[in-house]
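First the structure, in the form of structure tokens, and then the observations on it.
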Amino acid sequence: MWKEAKLHCVSFVFLATLVSAKPLQCSSNVHCRCHEFQGKLFANCENLNLTSAPLFSNDVVGIDLANNFISIFPPNLPIHIVHLDVSKNNLRKIENTSLANYTALQNLSFAHNNLHTVELDSLRDLSNLQRLDISGNQELTLEVLFNISRDLQNSSTIRYLNFENLQCTYGVSFIIKRYHIAYLKHTHLEELNIASNRISSLEFGVLTELPRSLKHLNIANNILSFGLYIIEFSDLKNVVSLNISFQATFHQIYTKNFSIQCNDTRPDLKHCTEFHGVESMSSSASLSTFRKTQNISIFIPPKLKRFYFHDNLYKLVLQDYVFKTVSKPVLTHIFMQNCIIYRLNGPLKGIESVRYADFSNNFCSYISPRFFEDLPNLSHLDLSNNALGENLESDHKGEIFQRLYRLTSINLARNRIVQLPDNIFQNLNRLKTLNLRYNSLSEFSLPLKHMTKLAHLDLSYNQLLVLDEETRHALDSLSKQRKINVNMLGNRFKCDCENLKFIKWMHNSTQINFLHLGNYSCTFSNSSKHFPFTKIEDLLQRLEKQCSSYILIILMMTSLIIVVMTTVLSRIVYRYRWKLRFMYYVAREKYRDNVQRGEVIGESSYHFDAFVSYADKDRRFVIDLVKRLEKEYKIKLCIHHRDFIPGTAIADNITNAIHYSRRTVCVITSHFIESYWCMFELNMARMEAIYSRNGENVLFLLVLEKGAIKKLPRSFMDLIESKSYLDFFLEDGDPDELTALRSKLGDILSLRDCDVRRLNKTV
């Protein structure tokens, strides 16, 4: 703000220079330009290399003598002059008689001369003076405040004083005393500029002495330290803007500045001793109250609307500060950019009226979830140029911005953001502008449908390859209500089939305005050259042709792979179906009953000498055979009619019976072969022999019908070829053969040694 004030207040703008009128002759110097405006005559003599002022006609009311070489204040100006600008000359001294004849002056500028002195009583007779600019005279020092304020103490017209840059850039610091400005207290001053003066502190009581009419106070570009004067800001009852920016800022070194003869060490004026050591009652009372206070609050001017605290070199953490005013706060704008505010802890209480906050470029790496909780009216927030990436990425619950219901604009540019959690902006329903440019986002998939007022989305200069389909649908839906500006310049788009739909979407979107679309580009996978979007139609045609062939090939290859894999897998499963089923049932039984066994089962692990598998229609013969064998040979046989456990699955009963029997005997008949469970028992017994008994010959076939063997599946031919079976045909009914059968079968089942050669010899 101090620069803005300088621009509109340092020099007087003469109305005559803003209009076109016929040139007149009003000066002894023919090069001076004279113009009449609204019946008043103005003379412009700037930049004429004048060493003294020319003569002017008495009806001239405004004179511009800026940027010349005048060293003595002009003595023969028209006595009714109202506007006078003698800035940027070589004036050295303003004597107490220099302005005595110009009592009608309203606007006066001595800015940027070589002034060393402004004598007391120089301005005493200027009862109409409204604006005074004495800035840029570094040899004058701020001690001139006393003389000028004393001269203007009875002025009812003065509104603006500019004392900017009256101290040397590289001199000692300055402390403003109460006596410097005490006489201004009863004026109607509205704007005071004391920027760029290396002010390090204000004497306690200075702010109290300032006039109550003051609206704008500029103390920027100094080296203010913290002091008790801070508590006096609340005494500035009508101040609406306060500028404390550019404190302790580095200044570029220029050789010419060292040639200035600074008066920084001059003693206090002798006629000011009456103020030394004097403290006003209000200041004394305030200090006494402050010293007794335990819980300190920061009191701010009750009408303050704009607070400028930017470009300072203070290293700060914004803690839970409490701001108070004597009435309802009206502060709306906070400017705290370009400082070193590395943490925003908060909360900041008492300034609920703030609508605009700028915390950009502060090296900030952390924002507390509570920082914004007492700023419900915030509508514009600038957090750009910080290091908030990790902090925002970890905010999965969206707590940082959750209370900013009225936020319409947020700037998070240049924050090293790699990704953002889905809930980060969950409550920002009124958001109109979202700026995420110059980050490292590789994807952007935030929910946007609740941002019904979104009008500007800036994703430029990130690492985006594409916008996902859900985000595109959300933007299409929002664009039905209003046109949306989207900036995606500077991302690394790919010209490939995966991005075809995205590129086509950008081209076909009518309600979404892609800013600088002609400057977008993408790269093909086999090339490093960028294809510009100025030829986006050619790009789409090329991609559609390329991707259509790829899609067909991909579909064919995918289908072929699926068919081949399915066929191979089916063949493998079918071939090893019995093995897989056997392993499944054994494993399930093992873990269900917590049975632990080794790879080879010992003799003591068997519950039966043999499991007899048969069809229900052959039950009579088998049961009779079993009873005789158990009685005559003292062996224990397992048959499903008697020994299966009720309530247990059939497959589990079969698997357990085979697993806990030394041998398995299958009674082969046509009924056996036609029975599903009989064939299940035969296959399970074979798997037991192969995988659990180390290949022992523990499976025997007892054939009771002629031709039944031929009906067995080919997979059992190895059993037939190894002659591991006995035959006894029931249709023959020979009792002697039946007796021989029982004898052979009893011997086999009574054996404890499973040697294959002995077993075959017995058969």
Side-chain angles (χ1 to χ4, degrees), residues 329 331-334 344 346-349 351-360 364 366-384 386 388-389 391-413 415 417-437 439 441 443-460 462 464 467-488 505 509-515:
L331 182 64
T332 58
H333 289 68
I334 296 178
L344 302 179
L348 304 181
K349 298 182 179 180
I351 51 175
E352 297 84 0
S353 56
V354 171
R355 292 186 286 107
Y356 182 99
D358 190 345
F359 297 103
S360 61
C364 184
Y366 177 77
I367 303 177
S368 166
R370 298 193 58 199
F371 184 77
F372 295 112
E373 70 178 21
D374 288 308
L375 296 172
N377 293 304
L378 197 62
S379 60
H380 292 78
L381 176 60
D382 193 342
L383 293 167
S384 60
N386 283 292
L388 295 170
N391 182 219
L392 297 179
E393 290 165 18
S394 62
D395 186 22
H396 297 288
K397 296 182 179 179
E399 296 176 325
I400 295 177
F401 306 119
Q402 65 179 345
R403 292 180 176 86
L404 301 180
Y405 304 108
R406 292 182 173 85
L407 197 67
T408 60
S409 175
I410 184 170
N411 188 350
L412 292 170
N415 268 286
I417 303 172
V418 177
Q419 61 180 1
L420 287 171
D422 290 345
N423 295 325
I424 187 73
F425 303 133
Q426 60 182 345
N427 291 334
L428 306 187
N429 299 330
R430 299 187 182 183
L431 199 64
K432 295 181 180 179
T433 302
L434 175 57
N435 190 344
L436 292 167
R437 67 193 325 235
N439 282 291
L441 291 170
E443 63 177 21
F444 180 79
S445 57
L446 296 181
L448 298 175
K449 289 186 178 180
H450 65 288
M451 300 180 187
T452 55
K453 297 185 178 180
L454 187 65
H456 303 278
L457 176 61
D458 195 339
L459 298 171
S460 57
N462 278 277
L464 295 173
L467 286 183
D468 62 65
E469 191 170 358
E470 185 176 350
T471 303
R472 299 201 298 266
H473 286 327
L475 288 173
D476 287 337
S477 177
L478 294 174
S479 66
K480 293 178 181 178
Q481 304 175 20
R482 66 180 53 80
K483 198 164 188 176
I484 298 179
N485 294 318
V486 178
N487 189 356
M488 299 190 69
W505 171 73
S509 296
T510 56
Q511 284 299 107
I512 301 177
N513 178 30
F514 289 95
L515 302 177

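Fair warning: this is a prediction, and the values are worked out from it, not measured in the lab. In this chain, numbering begins with 1 at the start of the sequence shown.
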For this session: Please round to the nearest 0.5 Å and tell me the distance separating atom CD of Glu373 and atom NZ of Lys349.
Result: 6.5 Å

For this session: Mark yes or no for whether Asn423, through its side chain, and Gly398, through its backbone, hold a donor-acceptor pair below 3.5 Å.
Result: no

Problem set entry | Donor-acceptor contact present, side-chain Ser379 to main-chain Arg355, <3.5 Å | yes

For this session: Taking all heavy atoms of Phe359 and all of Ala357, pick out the closest pair and write down the distance.
Result: CE1-CB, 3.6 Å

Problem set entry | Val354 vs Leu378, side chain to side chain contact (heavy atoms under 4.5 Å, CB included): CA-CA, chis, key distance, verdict | CA-CA 6 Å; Val354 171; Leu378 197 62; 3.8 Å; yes

Exercise. Residues two or more places apart in sequence or in another chain: which of them pass ring pair (Phe, Tyr, Trp, His ring centres under 6.0 Å) with Phe444?
Worked result: none

Problem set entry | Sole residue of Ile484, Asn513, Val486, Leu454 in side chain to side chain contact (heavy atoms under 4.5 Å, CB included) with Ser479 | Ile484

Exercise. Are the side chain of Asp468 and the backbone of Thr471 linked by a donor-acceptor contact shorter than 3.5 Å?
Worked result: yes

Exercise. Can Leu375 and Leu381 be said to form a side chain to side chain contact (heavy atoms under 4.5 Å, CB included), step by step?
Worked result: CA-CA 11 Å; Leu375 296 172; Leu381 176 60; over 6 Å; no

Exercise. Do Phe372 and Ile400 have side-chain heavy atoms sitting under 4.5 Å apart?
Worked result: yes

For this session: Rounded to the nearest 0.5 Å, what's the gap from CG on Leu344 to CZ on Arg370? Could you check?
Result: 14.5 Å

Exercise. From Lys480 NZ over to Gln511 CD, what is the distance, rounded to the nearest 0.5 angstrom?
Worked result: 11.0 Å

Problem set entry | Side-chain heavy atoms of Leu428 within contact of Leu434, under 4.5 Å | no

Exercise. Is there a donor-acceptor pair closer than 3.5 Å between any side-chain N or O of Ser509 and the backbone N or O of Trp505?
Worked result: yes

Exercise. Is the Tyr356 ring parallel, tilted or perpendicular to the His333 ring (thresholds 30°, 60°)?
Worked result: parallel

Problem set entry | Nearest atoms (heavy-atom pairs only) where Ile417 meets Leu412 | CD1-O, 4.0 Å

For this session: Find out whether Lys453 and Thr408 are in side-chain contact, i.e. whether some heavy atom of one side chain is under 4.5 Å from a heavy atom of the other.
Result: no

Exercise. Would you say Ser353's side chain and Leu331's backbone share a donor-acceptor pair under 3.5 angstrom?
Worked result: yes

Problem set entry | side chain to side chain contact (heavy atoms under 4.5 Å, CB included) assessment of Leu436 paired with Leu420 | CA-CA 10 Å; Leu436 292 167; Leu420 287 171; 4.0 Å; yes

Problem set entry | Backbone N/O of Gly389 and side chain of Asn391: donor-acceptor pair under 3.5 Å | no

Exercise. Should the heavy atoms of other residues, nucleotides or ligands under 6.0 Å from CD of Gln481 be counted, would the total exceed 12?
Worked result: yes

Exercise. Heavy-atom distance under 4.5 Å between the side chains of Cys364 and Leu383, does that happen here?
Worked result: no

Exercise. Checking side chain to side chain contact (heavy atoms under 4.5 Å, CB included) for the pair Ile410/Phe401: CA distance, chi angles, key distance, verdict?
Worked result: CA-CA 10 Å; Ile410 184 170; Phe401 306 119; 3.9 Å; yes

For this session: Say whether, by atom type as modelled, one donor and one acceptor occur between the side chain of Asn386 and the main chain of Ser384 under 3.5 angstrom.
Result: yes

Problem set entry | Heavy-atom donor-acceptor pair, Asn485 side chain to Asn487 backbone, under 3.5 Å | no

Problem set entry | Nearest atoms (heavy-atom pairs only) where Lys397 meets Gln426 | O-NE2, 2.8 Å

Exercise. If you take all heavy atoms of Ala455 and Arg482, which pair is closest and at what distance?
Worked result: CB-CD, 4.2 Å

Problem set entry | Side chain proximity check, Pro329 to Glu352, heavy atoms < 4.5 angstrom | yes

Exercise. Is there a donor-acceptor pair under 3.5 Å between the side chain of Asn411 and the backbone N or O of Ala413?
Worked result: yes

Exercise. Below 4.5 Å, heavy atoms only, C-beta onward: do Leu407 and Phe425 meet side chain to side chain?
Worked result: no

For this session: Would you check if Asn429 and Tyr405 make a side-chain contact, meaning some heavy-atom pair closer than 4.5 Å?
Result: no

Seminar exercise, completed: Taken to the nearest 0.5 Å, the spacing of Leu457 CG from Leu515 CG works out to 10.0 Å

For this session: Quick one: pull up CZ in Arg437 and CG in Asn415 and give me the separation to the nearest 0.5 Å.
Result: 13.5 Å

For this session: Look at the side chain of Asp458 and the backbone N and O of Asn435, then say whether any donor-acceptor pair between them is shorter than 3.5 Å.
Result: no

Problem set entry | Interatomic distance, His473 atom NE2 to Leu478 atom CG [nearest 0.5 angstrom] | 13.0 Å

